[in-house]
Every structure is written in C-alpha cells, then in structure tokens.
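The structure appears right after this line, and notes come after that.
Along the sequence shown, the residues carry numbers beginning at 1.
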Amino acid sequence: MAMGTVHKWLTHFTDTKKCNNILVPPASKEQQSIYFLQYHRPVYQRCHLSMNGCREGQHQYSRTRNPVGTIETKTLAPVASPAMAMYSLNMAISELESEAPFGTSSGIVRVQVPIEEQVEAIDWLLSQNHLLLPRCFFFGRKQYSPCCNGEEKLVSVAGVGSAVFFSQPHPFSYWDWISIRRFLSERCPLIRAYGAIRFNAKAKVSSEWLAFGSFYFMIPQVEFNELEGGSMLTITIAWDNNLSWSWENAINALQETLRNVSSSIVKFPKQTPPTLISSSHNIPSKVDWDLAVNGALQMIKRNDSLLTKVVLARSTRVVPTADIDPLAWLSCLKVEGENAYQFLLQPPNAPAFIGNTPEQLFHRKCLHITSEALAGTRARGASQALDCQIELDLLTSPKDDIEFTIVRDTIRRKLEAVCEKVVIKPEKMIRKLPRIQHLYSQLSGRLRSEEDEFEILSSLHPSPAVCGFPTEEAQLLIAETEVFDRGMYAGPVGWFGGGESEFAVGIRSALVEKDLGAFIYAGTGIVEGSSPYLEWDELELKTSQFTKLLKLDLPRRQKVDCK
C-alpha cells in the first residue's frame with residue numbers, strides 16, 4: 001500500500017474503536033534515497049483521524065468550490081491559566097456535542113479562550129511532546145498580526161492535530177488554493193491554514209519527504225496562541241459531508257485529541273547540551289561541489305546560454321548517537337532568530353521540517369502586499385569596527401551587487417504584473433542577523449484583486465534568491481546537478497488566512513527525525529565571479545546555526561565526508 005493510499009484510507013476511517021494501531025509500510029526501493037537507507041522500518045503509531053480538504057483530480061472539485069456553510073469564531077470568558085482554559089473548552093465541547101451542526105452540511109467553528117497568563121507557544125508545544133499527532137509552529141517576526149480583539153497582537157502559534165488538512169501528490173494548483181480558501185473568512189481572521197509547498201513539485205520525491213506530499217497545510221485542532229500581553233487556547237471543528245467527514249466525526253476526533261493534550265506547561269530551557277553524532281555526510285562532497293560550481297560558471301559564461309545565476313544547494317546528513325528532539329532544536333534557533341521566521345511542520349508519521357529563515361516571500365493584508373529581496377552573504381564581525389568593514393565590503397562588492405540586483409528586479413517585475421503600483425524602499429541596504437548580514441530591499445504594492453493571491457504565490461516562487469535566473473534554465477541545471485531531494489527546503493512556508501496571508505522562504509532549515517537523525521540544508525547563489533571555495537564557506541556559515549548544536553562523539557567517530 002503506497003503512502004498516499006494509507007493517508008487517504010486514514011481520512012475515511014471513522015471507527016475509532018477499531019483504530020488503535022496501524023502499519024505504515026516502508027517506501028519502495030525505487031522511492032528510497034541513497035542516504036536514508038535506515039528509513040525502512042515499519043512504523044506503528046496511533047491513527048490520527050482527520051479530513052483532507054483537497055480532492056484528487058480537478059473534476060472532484062465540483063462540489064467543493066464554494067465556501068463551507070458555516071464559518072464562526074466563539075470567544076469564551078477569559079481565564080487565569082491554561083489549565084482553566086482546558087476546562088472551559090471541554091465544557092464547551094460537551095455543549096456543542098448535543099447541538100445540531102448549525103443546519104449546514106459543511107462548516108468550521110473555532111472556540112477560543114483568552115488566558116491572562118502569558119505563555120510562550122513553543123513551551124506549550126514542548127509540553128505536548130508525548131503526542132503522536134501532526135503539529136505546526138509559526139513565529140512571524142516583529143510585525144505581529146492584530147488579534148481578534150484588536151488590542152493584543154499575535155506573536156506565535158503552535159498547533160497539534162488537524163481539524164482539516166490539505167495535501168496531494170500533484171503540484172499545488174489553483175483548485176487546491178480554492179479548497180483551502182473555502183474554510184477561511186475575513187470574519188474569522190485567526191482561522192488559518194499553516195503549511196509548506198515543495199521547492200520543485202515535479203522532482204522525484206525521496207522517502208524522507210513522502211508524507212508531506214507536494215504540499216501540506218493544516219488548520220490545527222488544538223491551537224495555542226502567544227499574544228503580546230497574554231495567551232489564548234483554542235479548538236477548531238471542521239466538517240464537510242461531501243468529503244465524507246461529518247460533524248460527529250469531527251467532534252469525536254477532537255475529543256480524542258483533547259484527552260491527550262497536557263494542560264501542565266513547563267518552561268523549557270532555550271539552550272540544550274550539544275547533540276552527539278556518530279557521522280556527518282555532505283551531499284555533494286567538497287570535491288563534487290567544486291565540480292558543480294565550475295560547471296555552473298561555464299554555463300553562465302557560454303554565449304548561447306541565457307543563465308546569469310543559479311542557486312546550488314547542499315544536504316548534510318547527521319546521524320545521532322541518541323534521539324534528536326526537533327522542538328529542542330527549534331527552541332535554540334528561536335533564541336538567535338531575532339527578526340526572522342521560525343517554523344515547524346510535521347505531518348502524521350513524518351519527520352519534522354524546522355527552520356529559522358530571514359527571508360519573506362510575501363505578506364498580504366487585504367489588497368496590500370509586501371515582498372523582500374535578500375541576497376549576498378557575509379559573516380558578522382567580532383567587533384563593531386570589523387563588522388562595519390565587512391558591511392562596506394558587501395555593499396561595494398560587484399559580484400554580490402549582480403546577484404542582489406537579479407533578485408530585486410525579478411521580484412519587482414512579478415509584482416508589477418498583478419499590482420497597480422510597486423514601490424521599492426530601500427533600494428539596497430544591509431540586513432544584519434545574529435550570525436550573518438545580507439543585502440536587502442523591501443518591495444510593496446497594491447493588488448488589483450484578492451484573487452491574485454494564488455498568482456502571486458505561484459509567480460514569486462521560486463525566486464532567484466533560491467533558484468536562479470532565468471527560472472527555467474536555473475531549474476533545469478539544478479535538476480541535472482543536485483542528487484538529493486530538496487523537498488520543502490527553499491519552498492514557500494507560512495499560512496493562508498481570510499483577509500491576510502504570509503509566507504517565508506524555507507531556507508536555513510532542516511528535516512529532523514528523532515531516531516534517524518537530520519538533514520541540514522543550505523544553498524548559495526552562483527554568478528559570474530563566484531568562487532567554489534568561498535561558496536563552500538558560505539554554506540558552512542549558513543548551516544552554523546544548526547551545526548553549533550552538534551558534537552561528534554569522538555570514541556565512535558565515523559567521518560564520512562571527504563573534503
């Protein structure tokens with residue numbers, strides 16, 4: 001049974017008494033990647049019941065194009081603590097259980113309880129580490145979204161279980177976007193679908209990425225919102241009889257999830273001892289990297305080639321001597337992630353995709369949209385004087401200016417296709433992060449229609465910052481050169497909401513499986529004047545936020561990478 005078939009089977013399996021454990025078989029030999037050979041064990045885990053909001057095949061969308069019949073948010077009285085919020089929500093479910101489903105065959109209802117105590121969403125999620133459920137986390141930089149009461153601002157979101165998820169093996173399409181949008185409304189701005197899209201949906205999927213599909217989004221069943229001045233615990237119920245998921249199914253699945261959610265929250269340390277690893281393996285190796293970069297430079301210099309930039313990436317596989325906790329890693333990233341996006345996405349029976357990315361793909365609020373150009377990389381200086389010297393070198397570098405200009409001008413042209421006017425401000429400046437500094441520019445415009453959101457997403461991705469220019473030529477060279485599956489790395493990661501959506505670019509990221517290790521991803525732009533040696537150093541710099549969490553277990557050291 002293929003993984004997609006298993007996922008579909010779970011969606012329509014409604015007898016919870018019979019669903020104790022299921023066997024998820026391994027991927028076929030053809031699907032296994034050369035470096036995930038240990039990913040073959042059978043996985044026995046609790047069955048997670050949910051509804052897939054996406055139908056297979058365009059003809060299947062005929063009955064599921066219109067908005068669901070009911071979209072509603074109910075706010076209960078504020079309470080002092082998360083434990084009291086859990087009690088309020090359980091009481092609310094008891095009342096909802098006896099009610100008819102609002103007289104409609106489809107709908108989504110969010111019930112939220114404001115909490116006076118301020119609790120970090122990541123601490124709440126860490127307290128749910130015992131759950132074998134899909135989960136997500138999103139921290140959206142400093143321009144926080146207004147909350148439902150218009151006073152407190154939403155800082156970060158953590159969720160477990162899915163009231164409804166959206167995933168298919170085919171590339172993310174307009175009809176998939178419609179399938180998500182029908183569960184969203186401006187009247188309920190905090191009902192959001194969190195997820196990610198593959199970098200290249202046409203590339204062969206390796207075994208570690210199978211459970212994600214070509215895209216994976218989820219509206220959490222149980223969600224914890226960290227606010228500027230407090231917190232909020234919520235539950236969401238979604239149903240659609242046309243998708244074989246009734247009100248009763250949704251209530252039963254939510255109750256099963258809530259029975260296992262912990263109301264005791266422990267504040268976890270944001271620094272952990274280094275993870276001991278037995279081996280580290282780069283794909284490509286340093287030798288193969290030099291060959292790939294030199295090959296790309298030859299292509300760029302050819303008179304008959306349109307290629308001016310290509311972004312080549314590296315996957316570093318680390319094998320631990322003990323389990324890796326992806327949330328512990330994410331917690332450490334959050335400490336140094338000033339003015340960056342932190343995210344986690346984990347479908348059922350899958351590794352966790354985590355990251356700490358500085359790059360915004362786009363942010364839409366009503367018709368206003370912003371995007372960013374980010375390119376050129378330098379390390380931060382050990383002193384203020386050295387930092388300024390490095391900044392000046394980056395600002396005046398001809399090679400980095402070429403790379404940055406390609407990114408900025410391409411994004412401008414794509415925004416102009418759907419916006420009335422595009423403003424670039426600043427044209428070019430330095431963006432400083434704790435370990436790295438980049439060339440940066442912000443672009444903003446006004447969409448002609450909210451329906452242009454899908455076109456913006458499909459147009460801006462992949463950007464020259466993670467692919468190259470022209471896009472088709474760069475994608476072709478990447479497909480010919482890279483021998484690993486990028487998966488969601490460098491793809492869009494973020495959320496859709498009713499009147500607002502926000503996506504980052506999934507760089508500075510890793511795929512983490514507790515007992516199997518991690519893949520750490522990084523890429524660098526190759527333009528005329530690039531040096532294989534310096535570009536390799538840039539990869540090392542970009543992965544340092546992860547590698548600082550690792551330590552080779554010297555007695556058992558098995559260094560695989562050849563440099």
Side-chain angles (χ1 to χ4, degrees), residues 53-55 58-73 106-108 138 140 143 145-146 148 150 154 164 166 168 170-197 201 214-215 217 219 359-373 407-425 441-464 471 491-505:
C54 287
R55 294 254 183 173
Q58 184 172 329
H59 65 282
Q60 297 287 352
Y61 288 92
S62 58
R63 292 186 296 173
T64 54
R65 293 181 183 178
N66 297 323
V68 294
T70 296
I71 303 179
E72 184 177 340
T73 296
S106 64
I108 186 165
F138 193 80
Q143 63 272 22
S145 302
C148 54
L154 184 60
V164 53
F166 309 87
Q168 286 293 340
H170 62 241
F172 188 69
S173 69
Y174 173 79
W175 296 113
D176 297 316
W177 177 71
I178 290 293
S179 295
I180 296 174
R181 291 270 298 178
R182 62 189 295 264
F183 286 90
L184 308 176
S185 170
E186 290 185 22
R187 302 189 313 273
C188 302
L190 294 185
I191 296 179
R192 297 173 174 177
Y194 297 89
I197 301 172
S214 181
F215 58 93
F217 287 87
I219 298 178
E359 187 171 353
Q360 180 188 85
L361 185 64
F362 75 89
H363 174 237
R364 177 190 69 84
K365 190 163 187 180
C366 299
L367 293 176
H368 184 260
I369 189 165
T370 60
S371 185
E372 294 175 353
V407 174
R408 184 191 59 201
D409 290 355
T410 302
I411 294 173
R412 173 183 55 78
R413 286 193 297 271
K414 291 182 177 181
L415 287 177
E416 285 175 343
V418 291
C419 289
E420 294 175 353
K421 183 181 180 182
V422 175
V423 176
I424 304 176
K425 188 177 181 180
S441 179
Q442 185 178 73
L443 301 90
S444 60
R446 183 175 175 82
L447 293 172
R448 298 185 182 96
S449 166
E450 288 191 22
E451 293 297 310
D452 290 330
E453 180 179 68
F454 174 76
E455 188 174 343
I456 280 289
L457 176 60
S458 56
S459 174
L460 288 179
H461 171 74
S463 81
T471 301
V493 55
W495 52 271
F496 291 109
E500 185 178 9
S501 300
E502 184 167 25
F503 281 84
V505 182

Taking only residues two or more places apart in sequence or in another chain, which ones pass side-chain hydrogen bond (donor to acceptor under 3.5 Å, both in side chains) with S501?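 Expected list: E453.
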* Asked: Under the side-chain hydrogen bond (donor to acceptor under 3.5 Å, both in side chains) test, which residues partner S444, sequence neighbours left out?
  ->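 Counting only residues at least two positions away or on another chain, S444 forms no side-chain hydrogen bond (donor to acceptor under 3.5 Å, both in side chains).
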Taking all heavy atoms of [X] and all of [Y], pick out the closest pair and write down the distance.
{"X": "E72", "Y": "I191", "value": "O-CD1, 4.1 Å"}
{"X": "A201", "Y": "S214", "value": "CB-OG, 3.2 Å"}
{"X": "H170", "Y": "F215", "value": "O-CE2, 3.6 Å"}
{"X": "R408", "Y": "I424", "value": "CD-CG2, 4.1 Å"}

Is there a donor-acceptor contact under 3.5 Å from the side chain of [X] to the main chain of [Y]?
{"X": "E186", "Y": "G499", "answer": "no"}
{"X": "R182", "Y": "N66", "answer": "yes"}
{"X": "S106", "Y": "G69", "answer": "yes"}

Using distance alone, with no hydrogens and no angle criterion, decide if S449 and D452 have a side-chain donor and acceptor under 3.5 Å apart.
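Result is no, nothing qualifies.
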For residues 413-420, run the donor-acceptor check on the side chains, cut-off 3.5 Å, and write out each pair with its distance to 0.1 Å, sequence neighbours left out.
| unit_1 | atom_1 | unit_2 | atom_2 | d |
| --- | --- | --- | --- | --- |
| R413 | NH2 | T410 | OG1 | 3.4 |
| K414 | NZ | S459 | O | 2.8 |
| E416 | OE1 | R412 | NH1 | 3.3 |
| E416 | OE2 | R412 | NH1 | 3.4 |

Looking at [atom1] of [X] and [atom2] of [Y], how far apart are the two atoms once the value is rounded to the nearest 0.5 Å?
{"X": "S371", "Y": "E359", "atom1": "OG", "atom2": "CD", "value": "8.0 Å"}
{"X": "T370", "Y": "L361", "atom1": "OG1", "atom2": "CG", "value": "10.0 Å"}
{"X": "W175", "Y": "C54", "atom1": "CH2", "atom2": "SG", "value": "12.5 Å"}
{"X": "I180", "Y": "R192", "atom1": "CD1", "atom2": "CZ", "value": "14.5 Å"}
{"X": "C366", "Y": "L447", "atom1": "SG", "atom2": "CG", "value": "10.5 Å"}
{"X": "H363", "Y": "E500", "atom1": "NE2", "atom2": "CD", "value": "3.5 Å"}

Can you check whether I411 reaches V422 side chain to side chain, under 4.5 Å on heavy atoms?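 No, every pair of side-chain atoms sits at 4.5 Å or beyond.
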ask   = For the residue pair F172 and F454, does the interplanar ring angle fall in the parallel (under 30°), tilted (30 to 60°) or perpendicular (over 60°) class?
value =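 It falls in the tilted class, 30° to 60°.
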(request) Output all residues satisfying side-chain contact (heavy atoms from CB on, under 4.5 Å) with V493, sequence neighbours left out; order by chain, then residue number. (result)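 By the side-chain contact (heavy atoms from CB on, under 4.5 Å) rule, V493 matches A196, F343, A504.
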List in chain and number order the residues that pass ring-ring contact (aromatic ring centres under 6.0 Å, His included) with F503, two or more places apart in sequence or in another chain; answer none if no residue qualifies.
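Expected list: F362, F496.
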